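One structure below.
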Amino acid sequence: MLREPPSRVELLQGTLDLLILRTLLAGPTHGHAIAKHIQRTSEELLQVETGSLYPALHRLEAKGWIAASWKLSDKGKRARYYRLTRLGRKQLASEQSKWRAFSRAVGLILNPVDQEGP
Amino acid sequence: MRSFFRRLHWFVQRRRKESELREELQFHLDEEAEQHRAEGLTEDQARWAARRELGNLTLLQEDTRAMWGWTIFEQVGQDLRYAFRTMAANRLFTLLAMTSLALGIGANTAIYSFMDAILLRSLPVSDPESLVVLNWYAKATEGDSVMKAMSGTTYHEPNSGVSAGIFPFPAFELFQRNDAVFSIVFAHYPSWQMRRLNLSAKGQADVAAGWSVSGDYFRGLGVAPAAGRLIIPDDDRPGAPAVAVVSYGFSQKRFGGAANALGQPILIDNLPFTLIGVTPPEFFGVDPASPPDVYLPMHTNELLGASNQFGFRAEDYLARNYYWVHVMGRLRPGVTLAQAQAALAPAFQQWVASTATNDQERANLPQLVVKKGAGGLDSLRRRYSKPLYVLLTLVGLILALACANVANLLLVRAAARRREMALRLSVGAGRFRIVRQLLTESVLLASLSGALGLLFALWGIRFLTLLLANGRANFTLHADLNWHVLGAAIALSFLTGILFGLAPALQSTRVDVILALKESPAGQPAARHNFRHISLSQILVMSQIAISLLLLVAAGLFVRTLANLESVELGFNRENVLLFQVDARKAGHKDPEIAAFYGDLRKRLSAIPGVRDASLSEDSLIEAGTGLPLGPAGAPPNPANRILNVGPAFFRTMEIPILAGRDIEERDRPGSPAVAVINEAFAKANFGNRNPLGQHLILREPDLQTGEGGRLARDMEIVGVCRNARYGGLTRDIPPVAYLAYNQGYPRPDQMVYALRTAGDPLLYVNSVREIVHQADARVPVSEVRTQAAEIDQTINQEITFAELCSGFAILTLVIACVGLYGTVSYNVARRTAEIGIRMALGAQRGRVVRMVLSEVLGLAAVGLAIGMAAALGTSKFVESLLYGIKSNDPLALLAAVAILFAAVTLGGYAPARKASRIDPMAALRHE
């Protein structure tokens, strides 16, 4: 083991899709960049397994939420770029609101108002 | 749906997709390595780190590929490839299975296409669903009724009573007034006097089938002309200019195109008409059984009837007790059939009650029945629906038999593939997956058979059309493969595939893995532990035998019926007689010259070399049917008596023996003493034991008001008595018939059917006949040319078709069943090689082994026969109405079926039994 991430947070089932969609909102990019972006933005807390990233990308593509095309990367190499489709945007909006409702609900249970703060 | 197509698209480009995935992952690795290098690792270390992070590349690819969502396509593809290979490896099995299934599917498709054409198809008019046909139903057929006279077809209903779709003209006017129910009401009349019109154009005369229609007929049906205009109400009034509309086909045939026909002056029955329009190509009128060539306005009936002694008269429109006009209507939107019935029935009831004059008539009034009119008149349906349902049942049985057969063959093969299945199961294949694989095989087999079956169906349709038409040129029933039929065939193929595939598939996955793998490659288990195999296969064999018996019984019944019909005593010689019809009156010949014309034509025809005798009669014997008030002098007319106007030498020509007295001869002319020849039945019915020769017969003109004899028409001396000959059909009892000289007064000669007794094939004389008639008068067309034998065959056409089809079906099933039996027994023998070997080693004789195997086969057959016999006895009464001269449980037919089946079963079982007896005990035991 060369490297053990300091503290890894297991991704919840289904959240990877949401994260990918959200990442692509910023603009088209390739698989590697998506992984890195999620990692960086989550302050290295979330580690995206390559083994689940690519199946997830292809699944989203099959569903029509994202579309792929071959473009040249910054370094001039051919890379498969993914972008959000209109359907994907809609999906992201609904997933996002679902997530917010979920996290609020979990928050309500974990931090009841009458309990003292941690 | 979009995502499905995306996946399908990807699937088609799967090679590219794979390489793209590899490239994508490679790019990821490169990026990752690049990043590691930036963090300070060496080139090698960086690559390794990247690779490690990625994990199992193959697994990743596999997982990603799974997301493309075509594992299902891939697996089906695999299954199909495998299925093809298995089929190719078992050619004999594939051939047997496919042929039997294809025959089954083909036969079903062919019969179904006829049902589609006859029973289900709608008229090619706009919105056929809102059309209705008016009918009536009356309880009793005998006795006094308001239906004093009728022109048209009446049907005897299965239970009791009689129904018909003909009405008095005032009733039609009554319906026309009811505009709450109908948006339009129209009438038509396939008048007997229009059945064979003499249509002459550009100097050439032809026979054309005519149909008279009311002014609203075409508007009511919503038909647009292919050229010109169609008949409108203004054409249909007394005194309107005489116009005609012809069918598209007739315009093509006669004028070389729809446009050429327009405005042509034509002569119809020697009266001038103008051709104003052509109906569209797909339109065939409202009776699928008889498409007209010419449509004439209703009011031309009195025009054409004027020259005919029994023709239509203008006063017939007012007659309230003469039933003749067919009425159809279009319901207003939203009005249902039941509502129409409820609204119209009381109105008709009230009207028809006012036409009754006594209590008996009032007790038996016709009741209105409103029927759906989308399919037009139901003449074809009435005639063919029962035979078609019987045929469909028979071919359904054939398909069931074929399925059972293939299922059985599959079972045998499944047993042979037990090791393969066990191996698959033991390396982790899911049971569902294996069942799916096996089902793929059977559905593939069924689909290929279905495709082959469609080919058979095409032949079948052509063959059936030929059988049904039986030489009739104007046969109108055109069945073809359309989307309905094709859909039915495809559905049938899939259904059969699943039907015969499921049981063996389920069974073959229910193997004991360990035991199956331990078996020797030859594949026989140590003991008969898989008892269920045997029993399923035995059930299949028994059901095949039962079905075969049913079909054999059906074939026996129909063949016996045909034999009975063909051995019906005709009373005349049907061989070597040419018949054809001419109608000089419609070409303009008048009394008394017309009789001379016919007589002269007879002389010219008898002069043709090779023609032994020639005569004429108003109808052929088979189609005869004229009843007029006739009886011995001094006695009232006997309503059972029938007449036939004949020419000289009629009895010699038809070879009807004269028992006493003489034939009608040349000397019986207009002006000479009137004569008649009577048949035995007439002598018996009217004279009892008295000698009829020299007695006088009195013929009277009918009085349509009273239905009884009116003015004296002929006083004839009986000059001969002939043997009974068939009159008006093949199976009806021969009525009392008096044969009158055609030229000695009322009824005057109209159409004539000539009969020529020829040396050799009668059809060889057709050209000479046409030439001679043409020379005599070019305006007189020759029609209905046929041999006497063909005319008789035509009347028993359906029975011939049934006998031939059922014999074919029976042979087919017998072959399929024998093949199935052979396969099953052979397999069982193979499984028991060791057992038989031991028996033989212990001294069993060969004959004993044969008997042992055969006795098992015959045991199965006996059970199957018992079941089949019970089914045959239980169901054969449904075809009773299609039989002639035998009962539905005819012992001879049953016995023959059993005997044939036993012979076939013995044959099918003997070959493997013999093979069993040839087993070498040493080889069999060493085998273990």
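Just so it is clear, the model here is predicted, and its values are computed rather than measured. No hydrogens, no waters, no symmetry mates; every other heavy atom, side chains included, goes into these values. Each chain gets a letter, A, B and so on, in the order the sequences are listed, and its residues count up from 1.
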Quiz prompt | Stepwise side-chain contact (heavy atoms from CB on, under 4.5 Å) test for B:His28 and B:Glu31 | solution = CA-CA 5 Å; B:His28 183 96; B:Glu31 285 289 292; 5.8 Å; no
Quiz item: Should A:Arg80 and A:Glu61 be marked as a salt bridge (Lys or Arg N to Asp or Glu O under 4.0 Å) after you check the CA-CA gap, both sets of side-chain angles, and the distance that decides it?
Solution: CA-CA 12 Å; A:Arg80 204 162 189 258; A:Glu61 191 189 355; 3.3 Å; yes
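Rounded to the nearest 0.5 angstrom, A:Leu60 CG and A:Ile66 CD1 are separated by 4.5 Å.
No part of B:Leu59 comes within reach of chain A, as not one of its non-hydrogen atoms sits under 4.5 angstrom from that chain. Proximity to chain A is limited to the side chain of B:Leu25, based on heavy atoms less than 4.5 angstrom apart. Contacts between B:Gln35 and chain A at a heavy-atom distance below 4.5 Å involve the side chain alone, from C-beta outward.
In summary, the side chains of A:His58 and B:Glu24 do present a donor paired with an acceptor at a separation below 3.5 Å, with no hydrogens or angles considered.
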